[in-house]
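As structure tokens, the structure follows; a few thoughts come after it.
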Amino acid sequence: INDIKDPDKFGSWALRIVFTKSMDVLRLNSKNRKRKEQYSNEQERLKGEEVDIEPLKTKLLDAIKALPAHQQMVIKLFYVEDYNLKEIAELLTINVGTVKSRLFHARETLKQTLKQYNYENK
């Protein structure tokens with residue numbers, strides 16, 4: 001910062017940082033809003049079909065509990081706590097690739113378990 005002799009350059013540099021961080025926040029808020037809308041739409045769709053989702057919830061929770069502990073953890077951090085892959089990797093002190101692998105295998109296991117109960121993704 002001491003090397004910057006022109007205050008206008010520093011101001012534009014600082015403004016650019018503020019702008020970039022603001023855009024990051026707006027994108028995150030937009031992503032969260034879309035997720036909430038999708039969830040609400042899915043809830044409405046399920047209400048319209050008069051489908052009892054309690055058995056599905058129970059089966060899903062049982063299937064998650066049957067996963068190995070390391071897969072349960074990444075599922076919880078990703079879907080419940082809403083952490084991104086990089087944040088999960090930092091929290092668990094593992095590589096991002098390992099997080100992706102654990103999520104993939106957990107999802108596959110859950111998909112296979114739910115297919116057994118005829119709750120296939122439509």
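For reference, positions follow the sequence shown, starting with 1. All of these numbers come straight from a predicted model, not from anything done at the bench.
Here NE2 of H105 is found 8.5 Å from NE2 of H70. Values are rounded to the nearest 0.5 Å. Note that CD1 of I88 is 9.0 Å distant from CD1 of I75, once rounded to the nearest 0.5 Å. Atoms CZ and CE, on F78 and M73 in that order, are 15.5 Å from each other to the nearest 0.5 Å.
In this structure, the side chains of L92 and L77 come closer than 4.5 Å at one or more pairs of heavy atoms. Counting heavy atoms from C-beta on, the side chains of N84 and E87 come closer than 4.5 Å.
With V74 as the partner, the side chain to side chain contact (heavy atoms under 4.5 Å, CB included) test is satisfied by one option alone out of L85, L91, L103, L67: L103.
Residues that satisfy the side chain to side chain contact (heavy atoms under 4.5 Å, CB included) test with T98, not counting sequence neighbours, are I94, N95, R102. By the salt bridge (charged side-chain N to carboxylate O under 4.0 Å, His left out) test, E108 pairs with K111, sequence neighbours left out. Shown here are the salt bridge (charged side-chain N to carboxylate O under 4.0 Å, His left out) partners of K76, two or more places apart in sequence or in another chain: there are none.
Side-chain atoms of S22 come within 3.5 Å of backbone N or O of V18 as a donor-acceptor pair.
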**Prompt:** Should T113 and K59 be marked as a side-chain contact (heavy atoms from CB on, under 4.5 Å) after you check the CA-CA gap, both sets of side-chain angles, and the distance that decides it?
**Reply:** CA-CA 8 Å; T113 302; K59 297 294 182 193; over 6 Å; no
